[in-house]
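Sequence lines set the chain letters: A, B, ... in the order given, protein chains first and strands last, and positions in each chain run from 1.
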Amino acid sequence: MQKIDQILKALAKEAIGEKWGIQLEEELIQVQKTRKDFTGDFTVVTFSLLRYSKLSPEETGTILGAYMQEHSIMVAGFNVIKGFLNLEISQQYWKEFLDGELKAEAYGTLNADKDSPLVMIEFSSPNTNKPLHLGHVRNNLLGHSVARILKASGNRVQKVNLVNDRGIHICKSMLAWKKEGNGANPESTGQKGDHLVGDYYVRFDQLYKAEVAALVDRGKSKQDAEAGATVLEEAREMLRLWEADDVEVRALWETMNSWVYKGFEETYRRMGISFDKTYYESNTYKLGRELVVRGVEEGVLYKKEDGSIWANLEDEGLDHKLLLRSDGTSVYMTQDVGTAHQRFEESGFDSHIYVVGNEQNYHFQVLTIVLKKLGYEWADRLFHLSYGMVELPEGKMKSREGTVVDADDLMDEMEATARQMSEELGKLENFSEEDKTRIFRQVGMGALKYFILKVDPKKNMIFDPRESVDFNGNTGPFIQYTYARIRSVCRKGKEIEKCTSAEALNEKEIALVHMMYEYPEILREASRALNPSLVANFLYELAKEFNQFYHDHSILSADSPGQVCQRLLLVEATGNIIESGMDLLGIEVPERM
RNA sequence: GCCCCCGUAGCUCAGUGGAUAGAGCAUUGGAUUCCUAAUCCAUGUGCGCAAGUUCGAUUCUUGCCGGGGGUACCA
């Protein structure tokens, strides 16, 4: 089925040729969705055509409209207001759409095959010294949703995680545990592993601060105290031992990391996200060194007298960037050069997306430039999906000040709120505890996911816990509730035979059909822009449109059996799109709530 | 200092080179003999400022103001 705007453009082009003898490129003809307050479905903007018609906007629109109505059964009527030619699409066309394309399995989505583009997407990328918090939640939800959207748009997608499991921060947790843990572990304490380890990370910071304060009291300068604290020196020593493969340190490291992974796994499972492959920085941190050294040999990078290696980025308007320390160890950039190389060698990806916060915009800008310098033609296939920070109403989250929002706590709270809401409203009273728990989980998680994904990724957002547990209005539960009502109607109407639509569509019905018609377009745009918020906001508009229809018109008690059936088609199609769209956001939809 | 992002209603967010810039929350009031009222309807206020490009700018460009981030031999 050809898209309506394409047909209209071709028709308008024909009219222009016929009336004014000009052969115009179709791209020069503006066709847009008619704004809500005006009659019509699609609008041709005439202003750019005036130079050809040499007539007023109104006259131009009227001539075009008359021609288009006369020459196509698709155009049922038109009006011209201030140079905007509003076209009404015939009921016939909408009905064909309703009976055909809209009924198709997985309407709007494309399937990938062997030859489809391969997209690699890295997200989550946690540190193993503390549990996941709200910032990670945004990262994870974005990564997961973008991966789904890309897949539904006909790409092969590979989701990867890069765990930062080495470095001084992990040693800090290990050291504090060694000093004060007394052998505590997740089994003995009943605490989730990532939280347990996170607590020792915090404990280290307390020890460190106490020692610095003590040193300052004894007359040391703050700077000397901070640099010379023995706990920090011990942590550094531990890192040295780790790098030297010290058996004891490595064993502790592996034990504590395994606690953390178990905890992460639980959090990921609860969030409904997964990866096709997980990389560990302890395995990859040496990658890239060789490539950088080769870059020096090829003359695209340079070495200072102290042995450190640098890239000169002045041609790109940037500074010089360190790629290898004077002691020969790698920096973050070196590692990313290595992993990008490795992943391309492994997969030959067509594009690679990094879901990383916007504080690393500079890093990824430099990464692309350095890879180009090293001669990788695929450097331009890397894309940094840069998202804004999540802030609390009282300001930034700071782990030191205890103002972080923990991911697990947050999920608990959302589910508890879903339960409370439901009980207050007296819903689900005769459901089993098992069913209730499942539904509250779906609703609570739906609220959280939608709250975060409806915001444009690149913008910073404010997370207000009070607002997040409001399940009315532009929220996940609003859309889920709409879906539950749809399913309820469908269950009751299912004895009615399948039919084709024959009855006249009313205004609300056309509005609904028109919105659903736009769904594939929205998906394509979301995929192109890597922006789930487009899907989220579309679903909200769709649900709202449906609720108005539902409120104004009876479905099961419509005027005639034919109308009942036609409305059921419409209702079912709406439900399918909500389900499919919510799935792209990683949100489940309940049959009842 | 330099670089990047953001600035839309009291708050949280949509949106667009085009018509009278929208939603939710909050406020106030209304709707349920009927498909789930977690619904629907009504109710005021706003594109940071200034110039430019354009038939037309909230949208594009430049400058300024405000907020955030970056500019580490940290990751």
**Q.** pi-stack flag for Y540(A) and A23(B), centroid dist under 5.5 Å, interplanar under 30°
**A.** no
Q) With sugar-phosphate meaning primed atoms plus P, OP1 and OP2, does D327(A) contact a base, only sugar-phosphate, or nothing at under 4.0 Å between heavy atoms? A) nothing
**Q.** Plane angle bin for F204(A) and Y208(A) - parallel if under 30°, tilted between 30 and 60°, otherwise perpendicular
**A.** parallel
Q. Is the gap between the ring centers of F451(A) and F463(A) under 6.0 Å?
A. yes
Q: Identify whether any heavy atom of Y362(A) sits under 4.0 Å from a base atom; if not, whether one sits that close to sugar-phosphate; answer base, sugar-phosphate or nothing.
A: sugar-phosphate
Q) Any side-chain N or O of K82(A) less than 4.0 Å from the OP1 or OP2 oxygen of U20(B)? A) yes
Q. Which of the following nucleotides, C6(B), A14(B), A19(B), is nearest to the side chain of V455(A)?
A. A14(B)
Q.
Distance check, C1' atoms only: G46(B) and A9(B), in whole angstrom units.
A. 5 Å
Q. Honestly, is R485(A) close enough over Y550(A), meaning NZ or CZ under 6.0 Å from the six-membered ring centre and within 45° of the axis?
A. yes
Q) Looking at A38(B), A75(B), A23(B), which one has an atom nearest to any side-chain atom of R325(A)? A) A75(B)
Q: May I ask you to evaluate whether N474(A) reaches the phosphate of C13(B), defined as a side-chain N or O under 4.0 Å from OP1 or OP2?
A: no
Q) Looking at the side chain of M421(A), which of U71(B), A38(B), U36(B) is the nearest nucleotide? A) A38(B)
Q. Checking only heavy atoms, does the side chain of S326(A) share a donor-acceptor pair with the base of C73(B) at less than 3.5 Å?
A. yes
**Q.** Gap between atoms CD and C1', on E572(A) and C35(B) respectively (whole Å)
**A.** 15 Å
Q. Should the pair Y332(A) and H363(A) be assigned to parallel (<30°), tilted (30 to 60°) or perpendicular (>60°) ring geometry?
A. parallel
(Q) Taking any heavy-atom pair under 4.0 Å as a contact, classify I555(A): base, sugar-phosphate, or nothing. (A) base
(Q) So Q365(A), base contact, sugar-phosphate only, or nothing? Heavy-atom distance under 4.0 Å. (A) nothing
**Q.** Quiz item: S533(A) side-chain donor-acceptor pair to A14(B) base, under 3.5 Å
**A.** no
Q.
Any base atoms under 4.0 Å from M461(A), or only sugar-phosphate, or nothing? Heavy atoms, all strands.
A. sugar-phosphate
Q) Expressed as a whole number of Å, how far does the P atom of A26(B) sit from that of G66(B)? A) 35 Å
Q) Looking only at side-chain N and O atoms, does Q548(A) come under 4.0 Å of OP1 or OP2 in C41(B)? A) yes
Q: Kindly say whether the aromatic ring centers of H514(A) and F42(A) come within a distance under 6.0 Å.
A: yes
Q. Starting at CD of E359(A) and ending at P of A72(B), how long is that distance when rounded to a whole Å?
A. 16 Å
Q. Is Y332(A) near enough to A75(B) that one of its side-chain N or O atoms lies under 4.0 angstrom from OP1 or OP2?
A. no
Q.
So F47(A), base contact, sugar-phosphate only, or nothing? Heavy-atom distance under 4.0 Å.
A. base
**Q.** Cation over ring face, K303(A) and W310(A), 6.0 Å, 45°
**A.** no
Q.
By the 4.0 Å heavy-atom rule, please label H553(A) as base, sugar-phosphate, or nothing.
A. base
Q) Can you check the L425(A) CG to U32(B) P distance for me, whole Å? A) 19 Å
**Q.** Under 4.0 angstrom between R487(A) side-chain N/O and U36(B) OP1 or OP2
**A.** no
Q: Output the single nucleotide from U36(B), G15(B), A19(B) whose closest atom is nearest the side chain of K427(A).
A: U36(B)
(Q) By the 4.0 Å heavy-atom rule, please label I486(A) as base, sugar-phosphate, or nothing. (A) nothing
Q) Contact class for N86(A) (heavy atom, under 4.0 Å): base, sugar-phosphate, or nothing? A) base
**Q.** Nearest-angstrom distance, P atom, G1(B) to U39(B)
**A.** 49 Å
(Q) Any base atoms under 4.0 Å from S557(A), or only sugar-phosphate, or nothing? Heavy atoms, all strands. (A) nothing
**Q.** Out of C73(B), A19(B), C35(B), whichever nucleotide has its closest atom nearest the side chain of I81(A)
**A.** A19(B)
Q: Go through C35(B), G68(B), A38(B) for me and flag the one nearest to the P477(A) side chain.
A: A38(B)
Q. Closest to the K459(A) side chain: A14(B), A38(B), C40(B)?
A. A14(B)
Q: Mind checking D470(A) for me? I need base, sugar-phosphate or nothing, with any heavy atom below 4.0 Å counting as a touch.
A: sugar-phosphate
Q) Is R491(A) near enough to U36(B) that one of its side-chain N or O atoms lies under 4.0 angstrom from OP1 or OP2? A) no
**Q.** Nearest-nucleotide pick for E467(A), side chain only, options being A19(B), G24(B), U36(B)
**A.** G24(B)
(Q) What is the distance, to the nearest angstrom, from the NZ atom on K454(A) to the C1' atom on U12(B)? (A) 7 Å
Q. Say you pick atom C1' in U59(B) and the same atom in G15(B); how far apart are they, in whole Å?
A. 10 Å
Q: Pick base, sugar-phosphate or nothing for S386(A), based on heavy-atom distances below 4.0 Å to the nucleic acid.
A: nothing
Q. What nucleic acid atoms does D306(A) come within less than 4.0 Å of, heavy atoms only: base, sugar-phosphate, or nothing?
A. base
(Q) On RNA chain B, does the nearest nucleotide to M389(A) precede the nearest nucleotide to N531(A) from the 5' side, or the other way round? Give the residue. (A) N531(A)
Q.
Classify Q360(A) by what it touches in the nucleic acid, base, sugar-phosphate, or nothing, heavy-atom distance under 4.0 Å.
A. base
Q: Determine, for F549(A) and R567(A), whether the Lys NZ or Arg CZ falls below 6.0 Å from the six-membered ring centre while staying within 45 degrees of the axis.
A: no
Q: Write down the distance between CG (N127(A)) and P (A75(B)), rounded to a whole number of angstrom.
A: 11 Å
Q: Just compare A14(B), C5(B), G22(B) and give me whichever is closest to any side-chain atom of N537(A).
A: A14(B)
Q.
It should be established whether R466(A) places a side-chain nitrogen or oxygen under 4.0 Å from OP1 or OP2 of nucleotide U12(B).
A. no
